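Bear in mind that the values here come from a model prediction, so they are computed numbers and not experimental data.
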Amino acid sequence: MTVASGLPQLLVVGLGNLPFPQTRHSIGHLIIDALAARFHIHMSTDRTMGGVTGRSKVTLGQTAVSLTLLKPKPLMNITGPSVAGALRNSVKASDAMVVIHDSLSHKPKALSPKIGGSANGHNGVRSIISALGGETHFHRFRIGIGRGPGDAAEYVLSKLSEEEKYYWNGDGIGLDLICNELERIARKQVESQGLP
């Protein structure tokens with residue numbers, strides 16, 4: 001992780017498809033919007049970052065962090081080059097990046113954090129790994145959307161329920177869980193750097 005001026009730096013990328021907001025597949029975008037609202041981070045289009053982004057110093061629990069949020073502009077399955085470019089233009093180190101994405105393998109409203117490993121069939125994560133030259137040592141927050149009846153492609157492009165949206169939104173319990181995990185990552189990196 002990159003530490004500048006004594007502050008850990010995190011790049012948090014929410015995967016989704018800008019043309020399909022509020023869908024299960026775009027839950028990463030919804031969470032980025034919720035984080036931006038909670039921390040009053042202005043989001044705007046930035047070509048060097050490859051999407052809609054914002055950056056600010058925030059406090060996660062007891063930890064001050066330089067937080068960069070990103071909603072990549074390309075469609076999810078080809079988002080890798082955009083995310084790799086944002087990584088190079090911001091925090092540099094892959095372990096300072098958190099990718100938030102939907103997971104059919106986890107029940108709705110579940111948060112399953114991990115670092116490294118395969119894409120587990122997620123095309124957006126596969127694209128990122130490919131664009132990073134096979135590098136897998138970045139954090140992932142797999143957000144459970146469950147598995148509905150019928151075609152998986154139709155299901156992931158269906159709208160999130162109001163309950164799920166509220167859960168992950170600025171006032172919901174889910175966003176608190178996300179912030180707690182982000183703080184855990186930042187604290188671990190601060191401790192490994194020997195900073196206060």
Side-chain angles (χ1 to χ4, degrees), residues 1-2 8-18 20 23-32 35 49-51 53 67-158 160 164 168 174-175 177-189 192:
M1 160 165 277
T2 305
Q9 296 181 11
L10 288 176
L11 169 63
V12 181
V13 179
L15 296 188
N17 291 313
L18 288 173
F20 304 104
T23 62
R24 288 177 170 86
H25 214 29
S26 292
I27 198 162
H29 284 182
L30 180 135
I31 291 171
I32 291 296
L35 286 167
M49 292 292 284
T53 189
L67 183 65
T68 301
L69 304 175
L70 173 66
K71 296 191 308 187
K73 187 173 182 180
L75 293 175
M76 186 182 300
N77 292 354
I78 57 171
T79 199
S82 173
V83 173
L87 181 63
R88 282 190 303 275
N89 288 317
S90 62
V91 297
K92 312 281 190 261
S94 62
D95 67 345
M97 180 170 71
V98 178
V99 175
I100 302 174
H101 64 87
D102 62 310
S103 173
L104 289 165
S105 301
H106 294 86
K107 66 182 183 177
K109 301 192 294 185
L111 168 62
S112 177
K114 77 175 222 173
I115 186 166
S118 74
N120 289 334
H122 194 283
N123 290 329
V125 175
R126 182 179 294 123
S127 178
I128 292 168
I129 291 170
S130 176
L132 293 175
E135 172 65 59
T136 63
H137 194 69
F138 56 90
H139 297 272
R140 296 145 206 201
F141 289 179
R142 298 167 296 177
I143 305 298
I145 60 170
R147 195 176 283 277
D151 182 56
E154 286 180 24
Y155 178 71
V156 299
L157 292 177
S158 65
L160 284 162
E164 287 172 287
W168 296 111
L175 194 63
L177 297 174
I178 296 280
C179 290
N180 291 343
E181 285 298 318
L182 290 172
E183 182 189 15
R184 184 186 61 76
I185 292 166
R187 264 319 314 154
K188 187 175 179 182
Q189 294 298 332
S192 72

Ser112 side chain vs Arg142 backbone, donor-acceptor pair below 3.5 Å:
no
Does any N or O in the side chain of Ser94 come within less than 3.5 Å of the main-chain N or O of Phe138, such that one atom is a donor and the other an acceptor?
no
Show the nearest heavy-atom pair for residues Leu70 and Ala86, with the distance to one decimal.
CD2-CB, 3.5 Å
So which heavy atom on Arg24 is nearest to which on Ser158, and how close?
NH1-OG, 2.5 Å
Ignoring hydrogens and angles, tell me if any N or O in the side chain of Ser127 forms a donor-acceptor pair with the backbone of Gly80 under 3.5 Å.
yes
Could you pull out the closest heavy-atom pair between Pro81 and Ala131, with the gap in Å?
N-CB, 3.5 Å
Arg140 (side chain) donor-acceptor with Gly117 (main chain) under 3.5 angstrom:
yes
What closest approach, in Å, do Leu104 and Ala152 show between heavy atoms, and which atom pair accounts for it?
CD1-CB, 4.2 Å
Enter the distance from Leu67:CG to Leu11:CG here, rounded to the nearest 0.5 Å.
9.0 Å
Short question: side chain of Asp151, backbone of Glu154 - any donor-acceptor pair under 3.5 Å?
yes
Would you mind listing every salt bridge (Lys or Arg N to Asp or Glu O under 4.0 Å) that reaches into residues 115-137, with sequence neighbours excluded?
none
Using every non-hydrogen atom in the two residues, find where Ser192 and Gln189 come nearest and quote the distance to one decimal.
OG-O, 2.8 Å
Stepwise, does the side-chain hydrogen bond (donor to acceptor under 3.5 Å, both in side chains) test hold for His25 with Asp102?
CA-CA 6 Å; His25 214 29; Asp102 62 310; 2.9 Å; yes
Could you list the residues that satisfy side-chain contact (heavy atoms from CB on, under 4.5 Å) with His139, not counting sequence neighbours?
Val98, Ile115, Ile185
Main chain of Met76, side chain of Asn17: is a donor-acceptor contact present, judged purely on distance under 3.5 Å?
yes
Qualifying side-chain hydrogen bond (donor to acceptor under 3.5 Å, both in side chains) pairs, either residue in residues 71-80, two or more places apart
Asp33-Lys71
